[in-house]
Asker: 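Mind having a look at this structure? Questions to follow.
All chains are named by letter (A, B, ...) in the order of the sequence lines, taking the proteins before the strands, and each is independently numbered beginning at 1.
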Protein chains: 2
Amino acid sequence: MASKNKELIVELLKSSKLSVTDTRVKILELFLKSNGALEHADFEKLSGKSFDRVTIYRTLQTFLDKGIVHKIPTTDTSVRYAICRSECREHEHHDHHVHFRCEECGSTQCLEETDIPVLSLPKGYDVHNVEVVVSGVCKACH
Amino acid sequence: MASKNKELIVELLKSSKLSVTDTRVKILELFLKSNGALEHADFEKLSGKSFDRVTIYRTLQTFLDKGIVHKIPTTDTSVRYAICRSECREHEHHDHHVHFRCEECGSTQCLEETDIPVLSLPKGYDVHNVEVVVSGVCKACH
DNA sequence: AATTAATTTGCAACAATGTTGCAAAAGTAC
DNA sequence: GTACTTTTGCAACATTGTTGCAAATTAATT
């Protein structure tokens, strides 16, 4: 339940050497509730405008720095964030999974089971990171 | 030379049923000059601020609608555009190539030779489009 | 090449989004 | 609880994107 999540969240924050504040706990709760990616505007709506815009920006940036969340590429001006799994470490983040954007419901999901395929680029290109964003219709929208 | 490019550009505009205006020609010239993706701010700088911001926004949107350019996903708030190749048609755009973002020079390139690999998603997902953005160090920056 | 009709542009005003400095508040450690 | 550090909220500002409308440009027609 909620208390179980809260314990988990407190652990997560402490292990990242972050102090446990209402804002951070609330934002992480929202991440865990929604099983997909969220963007800045979502937090303002979902939290009932209880936090300042600036605080949300700074909290998301902090989570990024600590490797708690990662960004997902988009073709518009929004910045989407998803919560990270175990393989992410501070300042050294690589996603090894595919992101899926549903055209029906608009949700963005991490498909942890689907590995990023190996690519063979032309000679002379060093690959550091590969992002794959698939769009289409998701399981729930069929 | 420049005149050759200009002919090409005029042809491109006419075949898309767009009237040939200074702004459109200039923006397409900038696309052809830079062999990578460009974003809104680039056009303001590169054109020497000779065009209104609004005009640039509208021109890029028009090119998108006509399938002359396509968007490339990014993890920040910028929207990056690249010029399309033959396979793009109006209102029915799919990229079949990989995009590369160089961490050194900041340029974004379309790797036309590198095909998007086939992905096997979990059951229940309909795939309409796949975007692949690779980051690393490009050929020129070695 | 001049007139007309349609399209495009630039301006102004606005809306939304993101950033910075600083004092007050909350969290942490002792 | 007190002292110290970190985080938050506010205000002010900067940047980015949008809309309506009149003036300018382009295209079509004679």
Asker: Counting only side-chain N and O atoms of T23(B), is one of them less than 4.0 Å from OP1 or OP2 of dT9(C)?
Answerer: yes

Asker: So which heavy atom on T62(B) is nearest to which on R24(B), and how close?
Answerer: CG2-NH2, 4.3 Å

Asker: Please give, in whole Å, the distance from dT8(C) P to K17(B) NZ?
Answerer: 14 Å

Asker: Starting at CD of E44(B) and ending at P of dG10(C), how long is that distance when rounded to a whole Å?
Answerer: 12 Å

Asker: Specify the residue among T77(B) and L18(B) whose closest nucleotide of DNA chain C lies further upstream toward the 5′ end.
Answerer: L18(B)

Asker: Looking at S120(A) and T114(B), what are the two nearest heavy atoms and their distance?
Answerer: O-CG2, 3.8 Å

Asker: Report the distance from atom CG of L13(B) to atom P of dT25(D), rounded to the nearest whole Å.
Answerer: 18 Å

Asker: Considering just the side-chain nitrogens and oxygens of S19(B), establish if one lies under 4.0 Å of OP1 or OP2 belonging to dT8(C).
Answerer: yes

Asker: For the residue pair S47(B) and K26(B), what are the closest heavy atoms and their distance?
Answerer: CA-CE, 4.3 Å

Asker: Quick check on DNA chain C: between T59(B) and K14(A), whose nearest nucleotide comes earlier from the 5' end?
Answerer: T59(B)

Asker: Taking only residues two or more places apart in sequence or in another chain, which ones pass side chain to side chain contact (heavy atoms under 4.5 Å, CB included) with V20(B)?
Answerer: V10(B), L13(B), K14(B), V25(B)

Asker: Just the rounded figure in Å: distance from C1' of dT8(C) to NZ of K66(B).
Answerer: 14 Å

Asker: Round to the nearest Å and state the distance from D65(A) atom CG to dT7(D) atom P.
Answerer: 11 Å

Asker: Mind listing the closest non-hydrogen atom pair of C110(B) and A82(B) along with its distance?
Answerer: SG-CB, 3.6 Å

Asker: Counting any heavy atom closer than 4.0 Å, what does R58(B) reach on the DNA or RNA strands: base, sugar-phosphate only, or nothing?
Answerer: base

Asker: Nearest whole angstrom, please: distance from the P of dT28(C) to the CG of D22(A).
Answerer: 10 Å

Asker: Of all of residues 47-57 of chain A, which get a heavy atom below 4.0 angstrom from DNA chain C, listed by number?
Answerer: R53(A), V54(A), Y57(A)

Asker: May I ask you to decide if G106(A)'s main-chain N or O and R101(A)'s side chain share a donor-acceptor pair within less than 3.5 Å?
Answerer: yes

Asker: Without decimals, in angstroms, what is the distance between R80(A) CZ and dG18(C) C1'?
Answerer: 17 Å

Asker: Of the non-hydrogen atoms in V79(A) and D76(B), which two are nearest, and what is the gap between them?
Answerer: CG2-C, 4.0 Å

Asker: Whole-Å distance between dA26(C) P and K26(A) NZ?
Answerer: 18 Å

